[in-house]
Amino acid sequence: MLGRYSLIGLLFALLILLLDFYLLRKRKIAGRDFVLWFVIGAAIGLFSGVPALFSLLTALFGTEELISAVTISGFFFFLLAFFYLYYRISELHSQVMKLAMELSVAKYHQKQGGANPQKLSGKEDKSRRK
Amino acid sequence: MDMVAHNVLVMIPAYNEEKTVGDVVESTLSLYPSFTVVVIDDGSEDETVEKARAAGADVVSLPFHCGGSIAIQTGYLLAKRLGFDYTVKIDADGQHKPEMIAKVLTPLVGDEADMTMGSRYLEFNGDHCSVVKEGGRVFSSAVVSMLRKMEITDVTSGMRAWTRKAIETLLSMYAERGVVDDSVFWVVETLLASNNGLRLQEIPIEVAPRKYGKSKSFAAHKMLLYPLRLIITLLEQVIG
């Protein structure tokens with residue numbers, strides 16, 4: 001039977017993986033970010049599902065005490081917050097790039113003397129749709 | 001085919017290409033004086049902008065270095081907003097010969113394709129590139145050919161041409177996405193175009209060896225991650 005920590009870890013890993021796939025499907029996350037969080041989620045799931053792996057870690061880092069519930073909860077909380085902030089930064093980066101494109105085209109038009117401002121602002125397209 | 005009657009935009013994305021951009025613009029304008037030649041300056045720190053203007057091109061300047069894929073999409077945006085019938089993209093490093101512009105435009109003007117891709121390998125013998133770059137080209141072309149069930153020999157080629165319809169379709173697809181990584185941009189675009197029913201055609205082109213500097217998109221350290229990026233790209237196509 002799985003211990004408490006394992007269950008929390010597995011649920012958390014599942015949450016991360018589901019969010020990751022959802023955001024990729026909605027094209028809200030870049031491919032490389034998807035891979036990063038997939039690896040993190042899978043690693044957490046693996047370590048939670050096979051607690052014996054923690055023994056390897058404790059041996060590797062030379063720690064004697066196992067991790068406490070408070071620490072692991074805090075770790076998961078901050079990881080989730082980090083995931084959200086990472087996603088927001090990625091989204092804002094896309095928006096900044098789109099603004100940079102719009103700005104450069106608008107500035108070009110301004111320099112050209114604004115022969116057809118409706119075309120450049122996209123208003124003509126909208127009115128055509130109406 | 002009479003190209004002069006059409007409204008054609010030649011876009012030349014450039015980042016620190018002061019040594020070659022002037023010659024590229026001049027030779028393009030001398031061959032096609034009726035075409036609009038626009039250099040998309042991707043935040044260059046050298047005299048790329050001045051050299052391009054002096055050679056007779058219009059310049060659209062991005063406010064900072066955004067990457068090749070954003071520079072190209074800026075060209076799409078400009079083509080759409082100004083209502084160009086056809087758009088051609090050539091590199092600023094002088095590798096793409098302006099004489100080839102007519103070749104990639106011909107199938108579009110004849111309504112045989114919506115998007116053409118210049119291939120360095122259909123009739124000619126490539127661009128004498130490095131083993132790493134060649135490996136990336138072969139690998140990605142094979143994967144895209146297999147997925148789309150059509151033979152593509154040079155999916156990484158940056159000399160391309162689009163109709164207005166293709167530009168509008170691609171822009172709407174990119175609007176729904178985040179920033180596409182530069183190294184897989186042409187692969188993503190080829191898949192997007194094909195998935196959205198655009199007619200693609202490869203056209204044999206001859207390229208000149210690069211005179212100055214090195215290719216930015218196929219540096220060795222980037223190529224190490226290229227297979228992983230390609231797999232992620234394909235995964236995005238499958239899941240999305």
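Given the structure is predicted, the values throughout are model-derived calculations rather than measurements. Proteins get letters first, then strands, A, B, ... in listed order; numbering begins at 1 in each.
A side-chain donor-acceptor contact under 3.5 Å links B:Arg160 and B:Thr190.
Between A:Phe83 and A:Trp37, the two ring planes are perpendicular [angle over 60°; tilted spans 30° to 60°]. Taking the six-membered ring for Trp and thresholds of 30 and 60 degrees, A:Phe21 and A:Phe34 have ring planes more than 60 degrees apart, a perpendicular arrangement. By the 30° and 60° cut-offs, the orientation of the rings of A:Phe76 relative to A:Phe12 is parallel.
Residues that satisfy the ring-ring contact (aromatic ring centres under 6.0 Å, His included) test with B:Phe84, not counting sequence neighbours, are absent from this structure.
You'll find the side chain of B:Leu82 stays beyond 4.5 Å of the side chain of B:Leu9, heavy atoms only.
Listed options A:Gln95, A:Met97, A:Glu91, A:His93 were ranked by heavy-atom pairs under 4.5 angstrom with chain B; first place goes to A:Met97.
Neither the backbone nor the side chain of A:Lys107 has a heavy atom closer than 4.5 Å to any heavy atom of chain B.
Considering B:Asp114, B:Asp85, B:Thr87 in turn, B:Asp85 is the only one that fulfils the side-chain hydrogen bond (donor to acceptor under 3.5 Å, both in side chains) rule with B:Arg164.
Contacts with chain A (heavy atom to heavy atom, under 4.5 Å) involve these residues of residues 57-74 of chain B, listed by number: B:Asp58, B:Val59, B:Val60, B:Ser61, B:Leu62, B:Pro63, B:Phe64, B:Cys66, B:Ile70, B:Gln73, B:Thr74.
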